[in-house]
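Remarks on the structure that follows.
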Number of protein chains: 4
Amino acid sequence: MLLSIDFESEIPIYQQIKNQIIKGIATGQLSPGESLPSVRQLGADIGVNFHTINKVYTQLKQEGWVVVHRRQGVMVNPELNMETTQDYMNLLESNLEIIAAQAYLRGISKEKFIQIIDEKFSKFIKKGSE
Amino acid sequence: MLLSIDFESEIPIYQQIKNQIIKGIATGQLSPGESLPSVRQLGADIGVNFHTINKVYTQLKQEGWVVVHRRQGVMVNPELNMETTQDYMNLLESNLEIIAAQAYLRGISKEKFIQIIDEKFSKFIKKGSE
Amino acid sequence: MLLSIDFESEIPIYQQIKNQIIKGIATGQLSPGESLPSVRQLGADIGVNFHTINKVYTQLKQEGWVVVHRRQGVMVNPELNMETTQDYMNLLESNLEIIAAQAYLRGISKEKFIQIIDEKFSKFIKKGSE
Amino acid sequence: MLLSIDFESEIPIYQQIKNQIIKGIATGQLSPGESLPSVRQLGADIGVNFHTINKVYTQLKQEGWVVVHRRQGVMVNPELNMETTQDYMNLLESNLEIIAAQAYLRGISKEKFIQIIDEKFSKFIKKGSE
DNA sequence: GTGGTCTAGACCACC
DNA sequence: GTGGTCTAGACCACG
């Protein structure tokens with residue numbers, strides 16, 4: 001899987017990498033159980049300090065997206081059954097609220113907005129069928 | 001309009017205030033042309049330094065949400081006709097993509113997701129009818 | 001002569017009025033010796049606090065654009081023979097330098113720039129012929 | 001590149017610095033892609049608070065003159081292709097109008113004025129040839 | 001070490 | 001009284 005970093009973005013590098021890995025899992029580019037490169041390897045590949053990659057993996061592990069095996073290194077969690085906590089739902093609603101408000105005020109209709117969502121979801125793998 | 005700040009949040013205070021003001025405009029709690037409190041007044045009201053409010057107003061002005069009138073102070077832009085630039089659309093798609101991916105992996109269905117969107121949009125004022 | 005104020009401009013109101021009066025003198029809309037309205041009159045006309053008008057007239061007087069007669073009030077200086085001090089030349093060059101630099105970097109050619117200057121000067125009255 | 005600040009000037013310090021940086025870009029003293037000092041470094045060098053430099057860089061970034069790279073820090077925008085918006089042209093014309101009017105009334109001929117412009121433009125680098 | 005954020009106090013220009 | 005500017009100190013996120 002290819003990662004592309006925008007070093008001039010306002011989004012921190014570690015956040016960009018995290019986002020792309022999570023997107024990769026959702027779209028099936030990264031399969032449960034698949035190994036990820038070592039921190040040094042990935043850092044060298046995309047030109048990022050390995051401490052930054054370390055931070056990425058640590059956070060992904062804490063959030064349950066990956067597991068760390070003593071031997072194989074970091075791999076995508078083979079049993080991805082994240083709970084939908086109330087905290088997460090609050091965060092999701094809050095994020096959607098401000099994004100939707102801005103989109104609305106910029107003249108984007110609900111239909112257009114939902115159409116975008118629809119496109120995004122259509123890229124995700126079908127659970128259970130893979 | 002009431003503003004509530006979470007001082008423990010990771011989201012910067014100025015960002016929280018900005019978000020709530022934009023939401024307020026979208027939901028009609030703040031009407032175009034309506035005056036906002038002075039930087040010192042609002043700062044005192046919600047217990048933050050007035051420089052922080054100044055930053056909020058400065059950014060809102062630069063982004064076109066409010067205008068600064070030499071006499072009435074800061075007011076919601078009476079002519080809110082934001083253009084939907086390509087830059088903005090890219091940002092919106094990018095934001096929705098990662099949010100949707102996470103939601104999907106946490107077991108939230110597309111239907112549930114769209115339902116949340118629907119609720120948010122239903123709170124926004126109908127343009128032209130108010 | 002009509003004055004138009006933009007209350008949402010970043011340029012202070014008193015500066016806008018000063019500018020327009022000076023432009024008026026240069027273009028002949030205001031003739032040397034012509035009377036200007038009283039501070040209260042002008043203030044009421046354009047919807048501005050008369051203290052602000054007072055500041056305008058005071059500065060215009062200090063800079064030699066107008067004279068104050070005990071009876072007739074404020075009038076355009078009948079003998080407009082401003083010296084071109086070195087201080088003024090330095091200020092002028094400094095102002096032009098940054099304006100030209102920005103225009104240049106925004107892709108405006110020297111020819112286009114000079115053409116704009118040409119248009120502006122063509123609006124000014126011919127000295128001695130009036 | 002050397003910056004000189006006049007602490008007695010009416011022009012805000014941050015504006016003086018901004019102006020000199022933009023002039024530096026136009027004259028080629030600063031090349032596209034060139035790194036600028038850190039906010040603290042530059043602040044220490046010229047004896048102003050680093051927050052003031054921060055404001056300068058923030059505005060230069062918003063206006064597109066510089067980009068902030070996560071590793072090299074702040075650098076002159078390598079792709080300086082500013083658009084000449086109608087807003088900018090209006091501002092430019094307005095600025096030139098009042099400057100020209102004053103110069104005219106102070107006895108500066110159009111020829112002298114254009115000569116000054118000519119000198120300024122001759123200092124700018126030739127685009128594409130450097 | 002870098003920039004970003006928040007707080008704070010002081011002064012000034014403007015209205 | 002309003003916003004704008006400058007200084008300053010502290011803490012944090014980032015790389």
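Quick note on labels: first sequence line is chain A, next is B, and so on, each numbered from 1.
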Subject >> Those residues that, when tested against D:Asp45, pass side chain to side chain donor-acceptor pair (under 3.5 Å) (two or more places apart) >> reply: D:Gln41
Original post:
Residues in ring-ring contact (aromatic ring centres under 6.0 Å, His included) with A:Phe7, at least two apart?
Top reply: D:His69
Residues 90-98 of chain D, side-chain donor-acceptor partners within the protein, below 3.5 Å, at least two apart:
unit_1	atom_1	unit_2	atom_2	d
D:Asn90	OD1	D:Gln86	NE2	3.2
D:Asn90	ND2	D:Gln86	O	3.4
D:Glu93	OE1	C:Lys120	NZ	2.9
D:Asn95	ND2	D:Leu91	O	3.4

Original post:
Do any of residues 50-75 of chain D sit with a heavy atom less than 4.0 Å from DNA chain F, and if so which?
Top reply: D:Phe50, D:His51, D:Thr52, D:Lys55, D:Arg70, D:Arg71
Let me have the donor-acceptor pairs involving side chains of residues 76-83 of chain B, under 3.5 Å, with sequence neighbours excluded, atom names and distances please.
unit_1	atom_1	unit_2	atom_2	d
B:Asn77	OD1	B:Glu79	N	2.9
B:Asn77	ND2	B:Gly64	O	3.0

Original post:
Checking side chain to side chain contact (heavy atoms under 4.5 Å, CB included) for the pair D:Val66/D:Met75: CA distance, chi angles, key distance, verdict?
Top reply: CA-CA 6 Å; D:Val66 304; D:Met75 58 166 67; over 6 Å; no
**OP:** Give me the first and last nucleotide of DNA chain F, going 5' to 3', that has any atom under 4.0 Å from a heavy atom of chain D.
**Re:** F:dT5 to F:dG15
Original post:
Looking at residues at least two apart in the chain, or sitting in another chain, which of them share a side chain to side chain donor-acceptor pair (under 3.5 Å) with C:Asp6?
Top reply: none
**OP:** Identify the two heavy atoms, one from B:Leu30 and one from B:Ile21, that lie closest to each other, and give their separation to 0.1 Å.
**Re:** CD1-O, 3.8 Å
Subject >> Positions of residues 33-45 of chain D (non-hydrogen atom under 4.0 Å from DNA chain E), listed by number >> reply: D:Ser38, D:Val39, D:Arg40
Subject >> Pairs where residues 58-69 of chain D contributes a residue and the test salt bridge (Lys or Arg N to Asp or Glu O under 4.0 Å) is met, not counting sequence neighbours >> reply: A:Glu10-D:Lys61, D:Lys18-D:Glu63
**OP:** Report the secondary structure of DNA chain E in dot-bracket form, marking unpaired bases with a dot and bases paired to a different strand with |, and treating Watson-Crick or G-U pairs with both distances under 3.5 Å as paired.
**Re:** ||||||||||||||.
Subject >> Side-chain heavy atoms of B:Leu36 within contact of B:Leu42, under 4.5 Å >> reply: no
Original post:
Please, which pairs that meet ring pair (Phe, Tyr, Trp, His ring centres under 6.0 Å) have at least one residue in residues 27-68 of chain B, sequence neighbours excluded?
Top reply: none
**OP:** Would you mind classifying the nucleic acid contact of D:Val48 as base, sugar-phosphate or nothing, using non-hydrogen atoms under 4.0 angstrom?
**Re:** sugar-phosphate
Original post:
What is the distance from atom NZ of C:Lys55 to atom CD1 of C:Ile13, rounded to the nearest 0.5 Å?
Top reply: 11.0 Å
**OP:** Kindly give the heavy-atom pair with the smallest separation between D:Ile22 and C:Gln102, and that separation in Å.
**Re:** CG2-CG, 3.8 Å
Original post:
Measuring from B:Gln20:CD to B:Ile46:CD1, what's the distance to the nearest 0.5 Å?
Top reply: 8.0 Å
Subject >> Closest non-hydrogen atom pair between D:Ile11 and D:Gln16, with its separation >> reply: O-NE2, 2.9 Å
**OP:** Kindly state which residues belonging to residues 7-21 of chain B come within less than 4.0 angstrom of DNA chain E, counting heavy atoms of the residue only, listed by number.
**Re:** B:Pro12, B:Ile13, B:Tyr14
